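It should be emphasised that the depicted structure is a prediction, and the values quoted were computed from it without experimental measurement.
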Amino acid sequence: MEVLDITMHRRTATRYKLRLPVIFKWNDGTDHTGGGFTSDVSLDGALIVSSSCPKTGSTIRLEILLPSPDCSGEELKIECVGEVTRVEERVGSVAFGVHCIFDDEHLTREFLN
């Protein structure tokens with residue numbers, strides 16, 4: 001697994017305010033699965049709002065669900081593996097930043113360009 005240098009990549013891509021459903025998984029000795037919504041998304045990461053989250057520095061797998069761009073009703077799923085870069089407590093929830101590289105044609109063509 002490639003180690004990401006977070007300091008070189010911090011805030012290098014444009015962030016878009018998108019509220020999309022997300023499923024995330026991590027392992028800290030035990031397998032965990034959580035769900036939530038994105039608060040913003042960029043090509044190099046996302047801010048996730050949820051009721052649970054992994055610790056800063058954890059490796060995490062994200063699955064973001066996107067509406068179909070052709071209105072077929074099918075959802076598209078994009079995935080990435082990244083690192084939790086920060087965690088912030090919020091009233092009734094927690095938000096955490098994930099640095100990862102989304103390299104997906106649907107995301108880049110339909111949502112982030």
J.: Rounded to the nearest 0.5 Å, what's the gap from OG1 on Thr59 to CH2 on Trp26? Could you check?
T.: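 Between atom OG1 of Thr59 and atom CH2 of Trp26 there are 12.5 Å.
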
J.: To the nearest 0.5 Å, how far apart are CD1 in Ile48 and CZ in Phe37?
T.: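 Ile48 CD1 to Phe37 CZ: 11.0 Å, rounded to 0.5 Å.
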
J.: Is any side-chain heavy atom of Asp44 closer than 4.5 Å to one of His99?
T.: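 Sidechains of Asp44 and His99: in contact.
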
J.: Just so I know, are the side chains of Asp40 and Leu18 near enough to count as touching, which here means a heavy-atom distance under 4.5 Å?
T.: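 Answer no - side chains too far apart.
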
J.: Would you compute the distance between atom SG of Cys80 and atom CD1 of Ile64 and round it to the nearest 0.5 angstrom?
T.: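 So the SG of Cys80 and the CD1 of Ile64 are separated by 6.5 Å.
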
J.: Give the C-alpha distance, both sets of side-chain angles, the deciding distance and a yes or no for side-chain contact (heavy atoms from CB on, under 4.5 Å) between Thr56 and Thr85.
T.: CA-CA 5 Å; Thr56 301; Thr85 58; 5.8 Å; no

J.: What's the spacing between Leu20 CG and Thr38 OG1 if we round to 0.5 Å?
T.: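 If we round to the nearest 0.5 Å, Leu20:CG and Thr38:OG1 are 4.0 Å apart.
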
J.: Is it true that Val94 and Val98 fall in one hydrophobic cluster, defined by side-chain heavy atoms closer than 4.5 Å?
T.: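 Yes, because Val94 and Val98 connect within a single hydrophobic cluster, where side-chain heavy atoms sit under 4.5 Å apart.
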
J.: Listed by chain and number, what are the side chain to side chain donor-acceptor pair (under 3.5 Å) partners of Glu88, not counting sequence neighbours?
T.: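 Glu88 satisfies side chain to side chain donor-acceptor pair (under 3.5 Å) with Arg86, Arg90 once adjacent residues are dropped.
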
J.: Shared ILVMFWY cluster between Val22 and Leu66, side chains joined below 4.5 angstrom?
T.: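 Yes: a chain of side-chain contacts under 4.5 Å links Val22 to Leu66.
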
J.: Does the side chain of Val81 come within less than 4.5 Å of Cys100's, by heavy atoms?
T.: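 Cys100 vs Val81: side chains apart.
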
J.: If you take all heavy atoms of Ser50 and Gly35, which pair is closest and at what distance?
T.: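 So the minimum-distance heavy-atom pair works out to OG-O, 2.6 Å.
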
J.: Would you give the length of the straight line joining atom OG of Ser58 to atom CG of Asp28, rounded to the nearest 0.5 angstrom?
T.: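 Separation between the atoms: 6.5 Å.
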
J.: Between Ser93 and Val49, what is the shortest heavy-atom contact and its length?
T.: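 Closest approach of Ser93 to Val49: OG-CG1, 3.6 Å.
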
J.: According to a hydrophobic-cluster definition based on side-chain heavy atoms being under 4.5 Å apart (Ile, Leu, Val, Met, Phe, Trp, Tyr only), do Leu65 and Val41 belong together?
T.: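 In one cluster: no.
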
J.: Give the cluster check for Leu62 versus Val84: same hydrophobic cluster or not, with ILVMFWY residues linked at side-chain heavy-atom distances below 4.5 Å.
T.: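 Hydrophobic grouping puts Leu62 with Val84.
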
J.: Can you tell me how far the CZ atom of Phe24 sits from the CD1 atom of Ile60, to the nearest 0.5 Å?
T.: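 If I round to the nearest 0.5 Å, the distance is 5.5 Å.
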
J.: Which heavy atom in Thr14 sits nearest to a heavy atom in Ser42, and how many Å separate them?
T.: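 Where Thr14 meets Ser42 most closely, the heavy atoms are O-CB, 3.1 Å.
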
